[in-house]
Structures are given as C-alpha cells and as structure tokens.
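Structure, as structure tokens:
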Amino acid sequence: MTKAKHYINMFCRHIKVKGAADEEVEIVTKSGKIKTVHIAASIITIKGKSLVQGIFRDITERRLIEKKIKESEEKYRTLADNINVGVYRNTPGPEGKFIEANPAIVTMFGLRE
C-alpha cells in the first residue's frame, strides 16, 4: 500500500470513528523531501455536501529538536549512571528526600534502588 493510500484510509477511519483526524505523520514533498506534519482534519458541510477540511502543519523542526533533547538526556543518564561520583536530586529543605540517585550514591549511602 502506498503512503497516499495509507493516509486516505487513515482519514476515512478517523472520520468514521471520531469525526475528526488528529495525527502526526511523515509525508514526501513534491521536491522529494521528507517532512513530519501534524494533520488535523474534520468533516464540514457546505450547502448540504460533506467535505473533509484538513490542516497540515510542518513539525519537522520540532521533531528534530525533540530528538536532540532526548539524545542529550540519554547521554546525561548514561554518564550519571556510570561514574564513580555520587549524583542525586532531592526535595528541598532540611528534610529533603531523594528523588533520583545514581548507582554510586546508592552504594555510598546503602540505599535501595
């Protein structure tokens, strides 16, 4: 099944079930570039005729930024989990409780993971 047919079927399915479509998908532009778009579509009636109205919003840049943030978080997590220095976060105040702790701090304080 081509992507075009897939999207047509998706619209039909969403509109039948929900009355609207709300999806994030990849499309190929006329120039051949792949873009990630958010699609919002619904049925409208004009002069007794039902039509599908859709809005495509390019979210390619947002997705790239989200991917970079996720990769950065994974690098931080890998670093924090594998260094021999204790790293932790706690709630504020003198009675602060651990929120997160890496394995080194768990070992240092004899905590349970």
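Just so it is clear, the model here is predicted, and its values are computed rather than measured. Heads up: numbering here begins at 1 and tracks the sequence.
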Could I get the full list of side chain to side chain contact (heavy atoms under 4.5 Å, CB included) partners for [X], not counting sequence neighbours?
| X | answer |
| --- | --- |
| Val87 | Tyr76, Ile83, Asn102 |
| Thr78 | Asn82 |
| Thr29 | Ser31, Lys33, Lys35 |
| Arg57 | His38, Ile59, Arg62 |

(message) I'd like to know whether CD of Glu71 has more than 12 heavy-atom contacts from other residues, nucleotides or ligands below 6.0 angstrom.
(response)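 Check passes, neighbour count above 12.
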
(message) With a sphere of 6.0 Å drawn around CD of Glu74, does it hold more than 12 non-hydrogen atoms of other residues, nucleotides or ligands?
(response)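 Count over threshold, so yes.
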
(message) To check you understand the geometry: which heavy-atom pair defines the closest contact between Gly86 and Ile105, and what is its length?
(response)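 Gly86 and Ile105 have their closest heavy atoms at CA-CD1, 3.7 Å.
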
(request) Considering only NZ, NE, NH1 and NH2 on the basic side and carboxylate oxygens on the acidic side, decide whether Glu73 and Lys70 come within less than 4.0 Å. (result)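 Salt bridge: no.
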
(request) With side-chain contact (heavy atoms from CB on, under 4.5 Å) as the test, would you mind laying out the steps for Ile55 and Ile39 before giving the verdict? (result) CA-CA 6 Å; Ile55 299 170; Ile39 303 170; over 6 Å; no

(request) Mark yes or no for whether Ser72, through its side chain, and Lys68, through its backbone, hold a donor-acceptor pair below 3.5 Å. (result) no

Please round to the nearest 0.5 Å and tell me the distance separating atom [atom1] of [X] and atom [atom2] of [Y].
| X | Y | atom1 | atom2 | value |
| --- | --- | --- | --- | --- |
| Phe98 | Thr91 | CZ | OG1 | 10.0 Å |
| Ile34 | Glu26 | CD1 | CD | 6.0 Å |
| Tyr88 | Lys97 | OH | NZ | 14.5 Å |

(request) List, by chain and then residue number, the residues other than Ile65 in its hydrophobic cluster (Ile/Leu/Val/Met/Phe/Trp/Tyr, side-chain heavy atoms under 4.5 Å); write none if there are no others. (result)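 Members besides Ile65, by chain and number: Ile69.
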
(request) Name all residues meeting the side-chain hydrogen bond (donor to acceptor under 3.5 Å, both in side chains) criterion together with Glu100; count only those two or more places apart in sequence or in a different chain, and write none if there are none. (result) Arg77, Arg89

(request) Begin with the C-alpha distance, continue with both residues' side-chain angles, and end with the deciding distance and a verdict on side-chain contact (heavy atoms from CB on, under 4.5 Å) for Val25 and Val37. (result) CA-CA 6 Å; Val25 297; Val37 296; 3.9 Å; yes

